[in-house]
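Handing you this structure, nothing more for now.
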Amino acid sequence: MKNIAVIGAGTMGNGIAHTFAQNGFKVQLIDISQEALNKGLKTISTNLDRMVAKEKISEQQKTETLNNISTFTSIKAGVDFAALVVEAATENLDLKLKIFKELDEACSESAILATNTSSISITQIAAVTSNPQRVIGMHFMNPVPIMPLVEIIRGYNTSNEVTNSIMQLCKTLGKEPVEVNDYPGFVANRILMPMLNESIETLYNGVAGVKEIDAVMKLGMAHPMGPLQLADFIGLDVCLSILNVMYNGFKNPKYAPCPLLVNMVNAGKLGIKSGEGFYNYSESKKAEKVSKQFLM
Ligand SMILES: NC(=O)c1ccc[n+]([C@@H]2O[C@H](COP(=O)([O-])OP(=O)(O)OC[C@H]3O[C@@H](n4cnc5c(N)ncnc54)[C@H](O)[C@@H]3O)[C@@H](O)[C@H]2O)c1
């Protein structure tokens, strides 16, 4: 596998593209928005600069990494030659089904089709393709270049061969793959999201303020980041989508999203990517916060 296509240049897509490119893969980064592609490349370049400043990589490795990435606004053009496609577009079922139908037609028959979905059923996504055996979940964690875990989700029909090949590939990237089965939220978000939702509920009920809730979890539970700040980093729209998938999938009220989360998403307060969530991220504050959190 040398050519990898990544669909979506947002928070996760640019991190996935960065990680593959830094490990010598040729990456075709695809997004419907040229602006998102430009922003994604800028983020990758800034993160590489930080790694050079910390002497984790050389200036030459930075240049080689950037040279390994090319950008496309069309899926058909971008997936040419790709042995693997990692889809990291917006968390929306209809959108992912549409993308996978297109991938099924546009990709070579031997290509593996992976999705970075946080919660949507791999089996359901695979069912719109003609060969569900080659569809798998590759759930990278944010920020991708520094988080070791990749949750590997086997759909109902995913083949052993595809699973083994993706497990091996993750190791080549220096990551730690963990194999899980396909149920709503998989493992990571089934456990994380109820905690984030409860933190928002605690704020909504007036038990404590944003900083106080985060301080309790950081200082008392040794979490590196408070839950409300983590929700801002993940994206409040992404958190809401995941909770809805689990709420609908399990038909269990314990996953019902907090009304405050719903209101904030409707108001366009999506966290760091929109400039405001539970915290305010003006350009200068955002840069400062990101550089503190990203330990590259
Ligand atoms: N944010 C996280 O911390 C996190 C962690 C793990 C997994 N995920 C998952 O990764 C995926 C992407 O999440 P994100 O946070 O990067 O979202 P994001 O909103 O930051 O980026 C999504 C990108 O997808 C692009 N896009 C939308 N429709 C497209 C299409 N038809 N073709 C190509 N590009 C398209 C958008 O223009 C945008 O740039 C989601 O499935 C999400 O659940 C997110």
Side-chain angles (χ1 to χ4, degrees), residues 5-19 28-44 71-79 82 85-103 106 113-122 124-125 128 136-153 175 178 180 184-193 196 225 227 229-246 265 268-275 277 290 293-294:
V6 177
I7 301 183
T11 314
M12 296 305 288
N14 76 61
I16 295 167
H18 171 154
T19 303
Q28 289 120 249
L29 182 59
I30 306 164
D31 202 293
I32 35 163
S33 145
Q34 185 60 49
E35 199 192 333
L37 286 168
N38 297 343
K39 203 172 154 200
L41 281 181
K42 193 162 170 252
T43 303
I44 295 171
T71 59
F72 297 83
T73 49
S74 133
I75 287 189
K76 199 169 180 335
V79 299
V85 180
V86 184
E87 173 277 318
T90 314
E91 184 79 341
N92 174 292
L93 174 65
D94 291 340
L95 174 68
K96 296 208 191 267
L97 298 184
K98 182 173 157 280
I99 290 175
F100 273 76
K101 267 187 205 154
E102 199 174 338
L103 289 177
L113 309 183
T115 171
N116 185 52
T117 180
S118 304
S119 59
I120 295 172
S121 164
I122 309 303
Q124 194 175 0
I125 292 174
V128 299
I136 191 161
M138 243 182 135
H139 185 206
F140 288 88
M141 302 290 132
N142 183 17
V144 182
I146 54 174
M147 295 298 275
L149 176 67
V150 187
E151 198 179 22
I152 303 297
I153 306 109
K175 301 290 186 198
V178 176
V180 309
F186 319 130
V187 171
N189 283 312
R190 185 164 175 174
I191 296 171
L192 176 66
M193 283 300 152
L196 300 191
M225 190 188 282
Q229 191 180 22
L230 179 56
D232 274 357
F233 271 70
I234 293 170
L236 301 191
D237 52 338
V238 176
C239 294
L240 179 59
S241 299
I242 299 170
L243 283 162
N244 275 328
V245 167
M246 293 199 293
V265 172
K269 312 277 182 221
L270 308 182
I272 196 161
K273 69 180 158 191
S274 73
V290 172
Q293 294 297 342
F294 285 47

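Ligands are counted one by one from 1 in listed order, and the atoms in each one are counted from 1 as well. Just so it is clear, the values below take in all heavy atoms, side chains as well, and ignore hydrogens, waters and symmetry mates.
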Original post:
Do the side chains of F186 and V178 get nearer than 4.5 Å, heavy atoms only?
Top reply: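 Not touching, per the 4.5 Å side-chain cut-off.
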Original post:
Under a 4.0 Å heavy-atom limit, does I120 contact ligand 1 with its side chain, its backbone, both, or neither?
Top reply: neither
Original post:
Got the closest protein heavy atom to atom 16 (O) of ligand 1, with its distance?
Top reply: M12 N, 2.8 Å
Subject >> Atom indices of ligand 1 within 4.0 angstrom of T117 heavy atoms, with elements >> reply: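 In order of numbering, the contacting atoms are 41 (O).
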**OP:** Give a yes or no on whether the backbone of A188 and the side-chain of E151 come within a donor-acceptor separation of less than 3.5 Å.
**Re:** yes
Subject >> Per-atom contacts, ligand 1 versus N142 - under 4.0 Å to a heavy atom >> reply: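 Matching atoms, with element in brackets: 3 (O).
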Original post:
What residue and atom, counting heavy atoms only, is the protein's closest point to atom 35 (C) of ligand 1, and at what distance?
Top reply: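 Of the protein heavy atoms, I32 CG1, 3.6 Å lies nearest.
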Subject >> Any side-chain heavy-atom pair of H139 and V180 under 4.5 Å >> reply: no
Original post:
Within the side chain of K39, is there an N or O that forms a donor-acceptor pair under 3.5 Å with the backbone of A9?
Top reply: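 Side chain of K39 to backbone of A9: no pair is present.
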**OP:** Applying side chain to side chain contact (heavy atoms under 4.5 Å, CB included) between Q34 and each of I32, N38, D31, report the one that passes.
**Re:**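 Considering I32, N38, D31, a side chain to side chain contact (heavy atoms under 4.5 Å, CB included) with Q34 is found only for N38.
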Original post:
Which ligand 1 atoms are under 4.0 Å away from a heavy-atom of H139?
Top reply: 6 (C), 7 (C)
Subject >> Minimum-distance protein heavy atom relative to atom 19 (O) of ligand 1 >> reply: K273 NZ, 3.3 Å
**OP:** Please identify which atoms of ligand 1 are closer than 4.0 Å to at least one heavy atom of A88.
**Re:**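 Reading through ligand 1 atom by atom, the close ones are 11 (C), 12 (C).
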Subject >> Check: E87 side chain, I7 main-chain N or O, donor-acceptor pair, under 3.5 Å >> reply: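 Such a contact is absent between E87 side chain and I7 backbone.
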**OP:** Look up atom CD1 in I242 and atom OG1 in T117, then write down how far apart they are to the nearest 0.5 Å.
**Re:** 7.5 Å
Subject >> All side-chain contact (heavy atoms from CB on, under 4.5 Å) counterparts of T90, not counting sequence neighbours >> reply: L95
Original post:
Does some side-chain heavy atom of I30 sit less than 4.5 Å from a side-chain heavy atom of V85?
Top reply: no
Original post:
Numbering the atoms of ligand 1 from 1, which are under 4.0 Å from a heavy atom of F140?
Top reply: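 Near F140, meaning under 4.0 Å from one of its heavy atoms, ligand 1 has 6 (C).
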**OP:** Could you say whether the N/O atoms of K98 and ligand 1 ever approach to under 3.5 Å?
**Re:**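 No; every N/O pair is 3.5 Å or more apart.
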Original post:
Does any N or O in the side chain of E91 come within less than 3.5 Å of the main-chain N or O of S119, such that one atom is a donor and the other an acceptor?
Top reply: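 Present.
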Subject >> Sub-3.5 Å N/O-N/O distance, E87 and ligand 1 >> reply: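 The answer is no, given that E87 and ligand 1 share no N or O pair closer than 3.5 Å.
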Original post:
Any donor and acceptor pair, going by atom type alone, linking the side chain of K175 with main-chain N or O of F140 inside 3.5 Å?
Top reply: no
Subject >> Distance from atom 21 (O) of ligand 1 to nearest protein heavy atom, with residue and atom >> reply: G10 CA, 3.4 Å
**OP:** Using heavy-atom distances, let me know which of S33, A231, A89 sits nearest atom 24 (O) of ligand 1.
**Re:**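 Minimum heavy-atom distance to atom 24 (O) of ligand 1 goes to A89.
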Original post:
Atoms of ligand 1 less than 4.0 Å from K96 heavy atoms?
Top reply: 40 (C), 41 (O)
**OP:** List the closest protein heavy-atom neighbour of atom 1 (N) of ligand 1: residue, atom name, distance to the nearest 0.1 Å.
**Re:**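 So the nearest neighbour among protein heavy atoms is I234 O, 2.8 Å.
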Subject >> Shortest protein heavy-atom distance from atom 39 (O) of ligand 1, along with the residue and atom involved >> reply: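 The closest one turns out to be D31 OD2, 2.7 Å.
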**OP:** For A36, counting its heavy atoms only, list the atoms of ligand 1 lying under 4.0 Å from any of them.
**Re:**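 So the answer, numbered in order with elements, is 39 (O).
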**OP:** With heavy atoms under 4.0 Å as the rule, classify the contact between D237 and ligand 1 as side chain, backbone, both or neither.
**Re:**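 The answer is neither; D237 stays 4.0 Å or more away.
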Original post:
So do I120 and T115 actually touch side chain to side chain, heavy atoms under 4.5 Å?
Top reply: no
Original post:
What is the closest protein heavy atom to atom 42 (C) of ligand 1, and at what distance does it sit?
Top reply: S118 OG, 3.4 Å
Subject >> Nearest non-hydrogen protein atom, atom 41 (O) of ligand 1 >> reply: E91 OE1, 2.5 Å
Original post:
Which residue pairs satisfy the salt bridge (Lys or Arg N to Asp or Glu O under 4.0 Å) criterion with at least one member in residues 233-245, sequence neighbours excluded?
Top reply: D237-K273
Original post:
What atoms of ligand 1 come closer than 4.0 angstrom to any heavy atom of V238?
Top reply: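 Result: 15 (O), 43 (O).
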